[in-house]
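Here's the structure we're looking at; comments come further down.
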There are 2 protein chains.
Amino acid sequence: MWPHAGPSAGPWPHGPFVGWARVPYHAPMSHFEHEIREQPDTLRRLLQAGRGPFQAVVEAMRRREVKFLQIAARGTSDNAARYAGYLFGVQNRLPVALAMPSMNTLYGTPPNVGSGLCIGISQAGESDDILAVINAARAQGALTLALTNRPGSPLAQAAELCLDLHAGEELAVAASKTYTAELMALALLSAELADDVARRQEVERVPDAVAATLELAEEIERKVERYRYITRCVVLGRGYNYATAFEVALKLKETSYVVAESYSSADFLHGPMALVDLGFPIVAIAPDGRAGQSMAEVMRAAELRGAELCVISDRDDLLSIGRTRIRLPVPLPEWLSPIVAVVPGQLFAFYLARARDVDPDRPRGLSKVTRTR
Amino acid sequence: MWPHAGPSAGPWPHGPFVGWARVPYHAPMSHFEHEIREQPDTLRRLLQAGRGPFQAVVEAMRRREVKFLQIAARGTSDNAARYAGYLFGVQNRLPVALAMPSMNTLYGTPPNVGSGLCIGISQAGESDDILAVINAARAQGALTLALTNRPGSPLAQAAELCLDLHAGEELAVAASKTYTAELMALALLSAELADDVARRQEVERVPDAVAATLELAEEIERKVERYRYITRCVVLGRGYNYATAFEVALKLKETSYVVAESYSSADFLHGPMALVDLGFPIVAIAPDGRAGQSMAEVMRAAELRGAELCVISDRDDLLSIGRTRIRLPVPLPEWLSPIVAVVPGQLFAFYLARARDVDPDRPRGLSKVTRTR
């Protein structure tokens, strides 16, 4: 019987039994799929909203002589914060500290960030702990910024400045379009801060690249069959796409219940490489660029030890290491590649959930807005 | 035959076949076990080395008006850096940014940390990428500090200041005594920086508490039998013991090849809770304190969904949620609890490797000094 014990009784009120709804293969489009496919439109909307809000943030940063960033986020938004660490570090040479919200909520003595910019990232803008970080930073005199899909939310109200993601209501529990909108908003802020017109123009190519990447859907649906029975895997990425590895692993966990663990390819050598045995599944996120190039060695070493790789890349040499190969159709500059490289991962997670006849819109035991204290 | 295909041919030079040496159950003491048991002595040695070196670092920090910390580390030392994030954040109110070494090695444009203290943590002091972070920070005029077990290493030479861990040569590939020495050195630095005699005295209680915790060895050896055939698990911790969750998961991966993933109990609610099905193994690191208290809810929710918990705690209410219960014998103040709470995890990993007849000193595909670029 178990685990296909459906129909599910909802959020399982009675004791330890856990089941989920089995969905027919030709079910109507799920929220998750719909929102994945919506991404070119949401990203275009964000571009059309113009430079004004980003310029306002940059002006305030200059006025306050911001020395470093502190970012508070959870879940998918925390992966956007990982991207921000590379983005502002490499492109704007600003150190980025990821806030640990429990310093505020558990211990009540957060670090002094008075000379920094504190950014809270949250699609719904309702996490109490992110709010606590913003409130504490504002009380210390720091510049505060909310990056959210709901400009009327408590987070947006609490912060001095707000950037609206313009992604439209997100209904699926597993975030997709708000993640890519967060990445693009951060990229636009970075380009504005660098006062770099060429980079702003590079961002404008992203929505079409995402649209082209979505055309991989049928191919991925077919290739995902091979993974019907995996229970665990490792997702590797590096540099800007360290964030992508985390986000793809999170989607796999949320919608397909795979124990997927993400690593930078460098950290993977420091211990977890021991996991690799015959057939061990590894998903490598390796778009062209300095990080992609540097991943070749680890990927080959893992393959030599018996790992089976699924490679997402636009480089022939890296794709050739994969037993499963997913070719990114449109190369983008490395700093923007995470916005397209995550898309095959979203589709992979979606079709894997479908291949397993589980409903990607109703992950076991999760709700859209998570309250943590 | 597989996977017990021993005797191993060493680092498997020929193609994808992977085996490992099967060790007899009553093998002589491994380096890993020996070094776990050495910890009370190494920690006492670190205390006996006196306050001088820590005072020198604090003096330099005051002179240079350090506004934030940046820490570069890999593997086990990166988990010590996670502890440092809470420690200096909560106790000294200093923001801590974890350096991403690939910003230096891949992109060549690291963030400007001129007004910070940059700490490189590395037991052997030989990682090229950690060295690159220290060199770049020093060139920018930042104060630099090496935390290492080898004061003659390249890292120690490169940094302006050095704190010696006094842990003695570490031979096992899986680090144990250098990890607890790193935590204690960071704790001593934090207490010195706060100019807090009471906290310095609290640190002096740690070696005896670690010695008492080591007496759990026989009990853990017995309890670990239950886990002979696990292939995946989640390790939960929060606050100061977020680092402990990462470190215990890393030990399990390195020595027992379990896909062990670590989470803060707060992040676990944002997605990974979906993984939990009947019998799903969760190790909860929950010593008494604000973080431990806050974990009760997540632990009960996971248990209600069918998870099976192994609880490491000194609180009756939390231990009672566990199917397997490991009681920490000596309560310590929360900020120091990670130094004792990791010990049952080290013993768990060691005895699990033994229960699986694999050699904990020879993890597949790992070497003691990892060179990453």
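Here is the naming used below: chain letters follow the sequence lines, and residue numbers restart at 1 for every chain.
For the set B/Q70, B/R93, B/Q91, the entry with the most heavy-atom pairs within less than 4.5 Å of chain A is B/R93. The candidate from A/E261, A/R290, A/M103 with the greatest count of non-hydrogen atom pairs under 4.5 Å with chain B is A/E261. Chain B forms more heavy-atom pairs under 4.5 Å with one residue of A/K251, A/E334, A/K67 than with any other, namely A/E334.
Using a 4.5 Å cut-off between heavy atoms, A/Q140 touches chain B through its side chain atoms alone. Using a 4.5 Å cut-off between heavy atoms, A/T231 touches chain B through backbone and side chain atoms alike. Proximity to chain B (any heavy atom under 4.5 Å) is restricted, for A/A260, to the backbone atoms N, CA, C and O. Proximity to chain A (any heavy atom under 4.5 Å) is shown, for B/V259, by both the backbone and the side chain. No part of A/V298 comes within reach of chain B, as not one of its non-hydrogen atoms sits under 4.5 angstrom from that chain. Looking at A/Y242, neither its backbone nor its side chain comes within 4.5 Å of chain B, counting heavy atoms on both sides.
Scanning for ring-ring contact (aromatic ring centres under 6.0 Å, His included) contacts around A/Y240 gives B/Y107, with sequence neighbours left out.
Expressed to the nearest 0.5 Å, how far NZ of A/K253 lies from OH of B/Y263 amounts to 2.5 Å.
Of all heavy-atom pairs between B/L106 and A/S294, the closest is CD2-CB, 3.6 Å. The minimum heavy-atom distance between A/S102 and B/G239, with the atom names listed, is OG-CA, 4.1 Å. The nearest pair of heavy atoms linking B/R232 to A/Y257 is NH1-O, 3.9 Å.
Side chains of B/L98 and A/L98 form no contact here, defined as non-hydrogen atoms less than 4.5 Å apart.
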What pairs of donor and acceptor atoms, side-chain ones from residues 108-118 of chain B against any protein atom, are under 3.5 angstrom apart with sequence neighbours left out?
residue	atom	partner	partner atom	Å
B/T109	OG1	A/V90	O	3.3
B/N112	OD1	B/G114	N	2.9

